[in-house]
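Shown next, in structure tokens, is the structure this report addresses.
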Amino acid sequence: MSDQHSDPQDPQGAADGFGDDQQEQPTTLTEEEVLAKMAEQSDSEQPDDDAASVEEPVEGTVEPDVAQQLAERTEDLQRVTAEYANFRRRTERDRAAVVDAAKASVVAELLAVVDDLELAEKHGDLQGPLKAVNDKIRATFTKFDVIEFGAEGDEFDPERHEAVQDTSTGETKVIGTVLRSGWAMGDRLIRTAMVIIADPA
């Protein structure tokens, strides 16, 4: 009867046992493979620098340098706007002054004609074409707010009246005789009135 148990010296059984031991034995890594695995683990554990460096912007906040630049630009814009507004006011004021000066200059040139027409009226010669010219000139004066002043009995004003003679005896002085009418355009004095001072009536 043959022995069913395998002999420890059986080459076939020894070969089978060797195979089982080889499968259970851990695999030996080379030095290069060990270093490579350590490098991979280090990379996986290291945080992402780019992700860490980028901060999520907080809603409703502005970077300090951006806010400062915005404030500076706003201040510059406000200053330029104010300067432009002042420039426009100065330009309009200067233009109005030039226009008024031109009108006053024309009126001053026409006063000599008006004086002759007044003299003609006093002598009864202001008739026909002369009267039409006088009426047109005075209508134009009224249109441009040119007024005549200096009538007998008015209070004497040294800034508007030029006295050539003073016949008054008291402190109160009025215009006794008008030698030449005065003219003004609005607040602008074009010509003083030439008068003789007298006492009130």
Side-chain angles (χ1 to χ4, degrees), residues 60 62 64-201:
V62 183
D65 55 345
V66 176
Q68 182 178 0
Q69 292 179 5
L70 179 61
E72 292 176 354
R73 298 299 180 272
T74 303
E75 183 179 355
D76 293 341
L77 179 61
Q78 292 175 348
R79 182 173 61 255
V80 172
T81 303
E83 291 177 354
Y84 179 68
N86 292 334
F87 171 75
R88 287 190 58 184
R89 285 194 292 267
R90 288 195 304 269
T91 302
E92 293 175 358
R93 183 173 60 250
D94 294 344
R95 180 174 57 186
V98 170
V99 172
D100 291 343
K103 292 178 181 179
S105 178
V106 174
V107 171
E109 293 297 328
L110 290 175
L111 290 182
V113 179
V114 173
D115 291 341
D116 291 341
L117 292 174
E118 286 184 351
L119 185 60
E121 184 179 11
K122 290 179 180 180
H123 289 82
D125 297 332
L126 189 64
Q127 299 175 0
L130 289 179
K131 186 177 185 307
V133 171
N134 182 70
D135 293 343
K136 289 181 179 180
I137 292 177
R138 290 185 176 274
T140 302
F141 282 3
T142 301
K143 179 180 178 180
F144 291 108
D145 195 23
V146 179
I147 59 174
E148 183 179 10
F149 65 88
E152 294 181 1
D154 290 347
E155 184 179 357
F156 176 73
D157 184 357
E159 294 183 358
R160 296 167 62 88
H161 303 141
E162 179 183 353
V164 295
Q165 186 177 359
D166 186 359
T167 61
S168 63
T169 57
E171 295 182 357
T172 303
K173 301 178 182 299
V174 297
I175 297 175
T177 303
V178 179
L179 303 178
R180 185 190 66 187
S181 297
W183 293 89
M185 186 178 67
D187 296 333
R188 181 187 295 268
L189 180 64
I190 298 177
R191 189 181 73 179
T192 58
M194 186 177 296
V195 300
I196 296 176
I197 302 175
D199 291 323

Tell me the closest heavy-atom pair linking [X] and [Y], and the distance in Å.
X      : Y      : value
His123 : Leu119 : ND1-O, 2.8 Å
Ala198 : Gly176 : CB-CA, 3.7 Å
Glu155 : His161 : O-CE1, 3.3 Å
Ser168 : Lys173 : OG-NZ, 2.9 Å

Chi angles and distances behind the side chain to side chain contact (heavy atoms under 4.5 Å, CB included) call for Val99, Lys103: CA-CA 6 Å; Val99 172; Lys103 292 178 181 179; 3.6 Å; yes
Side chain proximity check, Arg180 to Thr192, heavy atoms < 4.5 angstrom: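 Yes - at least one pair of side-chain heavy atoms lies under 4.5 Å apart.
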Contact check, side chains of Asp135 and Lys131, non-hydrogen atoms, under 4.5 Å: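 Yes, close enough: below the 4.5 Å cut-off.
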Geometric class of the Phe141/Trp183 ring pair [parallel <30°, tilted 30-60°, perpendicular >60°]: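 Taking Phe141 first and then Trp183, their aromatic rings stand perpendicular (interplane angle over 60°).
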Expected output: side-chain Ser105 to main-chain Ala101 donor-acceptor under 3.5 Å: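 Such a contact is absent between Ser105 side chain and Ala101 backbone.
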Reference residue Ile196; test side chain to side chain contact (heavy atoms under 4.5 Å, CB included); the match among Ile175, Val178, Asp166, Leu179: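 When Ile175, Val178, Asp166, Leu179 are each tested with Ile196, the side chain to side chain contact (heavy atoms under 4.5 Å, CB included) holds only for Leu179.
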From CA spacing to verdict: side chain to side chain contact (heavy atoms under 4.5 Å, CB included), Asp154, Arg160: CA-CA 11 Å; Asp154 290 347; Arg160 296 167 62 88; over 6 Å; no
Worked verdict on Glu118 versus Asn134 for side chain to side chain contact (heavy atoms under 4.5 Å, CB included): CA-CA 9 Å; Glu118 286 184 351; Asn134 182 70; 5.6 Å; no
